[in-house]
Amino acid sequence: MNTMKIIKVTRNYQITIPVEIRDKLGIKEGDYLKVGLEGNKIVIVKLEQKRKTIKLGKSLDVEEIEESIERGMKECMR
């Protein structure tokens, strides 16, 4: 990548991803990113969130919905 940007780490160890990079990768508020190390480099990868839909043929209560959401989030994080 030849268009490196300089950013500052805040006192809470947060960074802001430059708008050009956010736009190019389609990163929006609430998206999940995977962070890791490759040698002495920090690597940030946008996770693709694939939402699954299912037809159950029955009504779900709030607890069942929350459990399904939790399972789905864990699948997205793999």
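All values derive from a computational prediction rather than experimental measurement. Any value given below was found using the heavy atoms of this structure, including those in side chains, with hydrogens, waters and symmetry copies removed.
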*Asks:* Within the side chain of E66, is there an N or O that forms a donor-acceptor pair under 3.5 Å with the backbone of E63?
*Replies:* no

*Asks:* In terms of hydrophobic clustering (I, L, V, M, F, W, Y; side-chain heavy atoms under 4.5 Å; direct or indirect links), are V9 and L33 co-clustered?
*Replies:* yes

*Asks:* Ignoring hydrogens, what is the shortest heavy-atom contact between I7 and T16? Give both atom names and the distance.
*Replies:*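 Heavy atoms of I7 and T16 come nearest at CG2-O, 3.6 Å.
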
*Asks:* Quick one: CE on M73 to OH on Y32, what's the gap to the nearest 0.5 Å?
*Replies:*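 The distance works out to 3.5 Å.
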
*Asks:* Check whether any side-chain heavy atom of I17 lies under 4.5 Å from a side-chain heavy atom of L25, and answer yes or no.
*Replies:*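 Of all side-chain heavy-atom pairs linking L25 with I17, none is under 4.5 Å.
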
*Asks:* Do K5 and E20 come close enough that some side-chain heavy atom pair is under 4.5 Å?
*Replies:*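 When only atoms from C-beta onward are counted, E20 and K5 do touch, with a gap below 4.5 Å.
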
*Asks:* May I have the step-by-step check of side-chain contact (heavy atoms from CB on, under 4.5 Å) for K34 and K46, ending in yes or no?
*Replies:* CA-CA 6 Å; K34 189 187 289 189; K46 179 182 176 188; over 6 Å; no

*Asks:* Between atom NZ of K74 and atom CD1 of I69, what is the distance when rounded to the nearest 0.5 Å?
*Replies:* 13.0 Å

*Asks:* Side-chain heavy atoms nearer than 4.5 Å, only ILVMFWY residues, links allowed to pass through others: does that put Y13 and I15 together?
*Replies:* yes

*Asks:* Among V45, V43, I42, find the one that has a side chain to side chain contact (heavy atoms under 4.5 Å, CB included) with V35.
*Replies:* I42

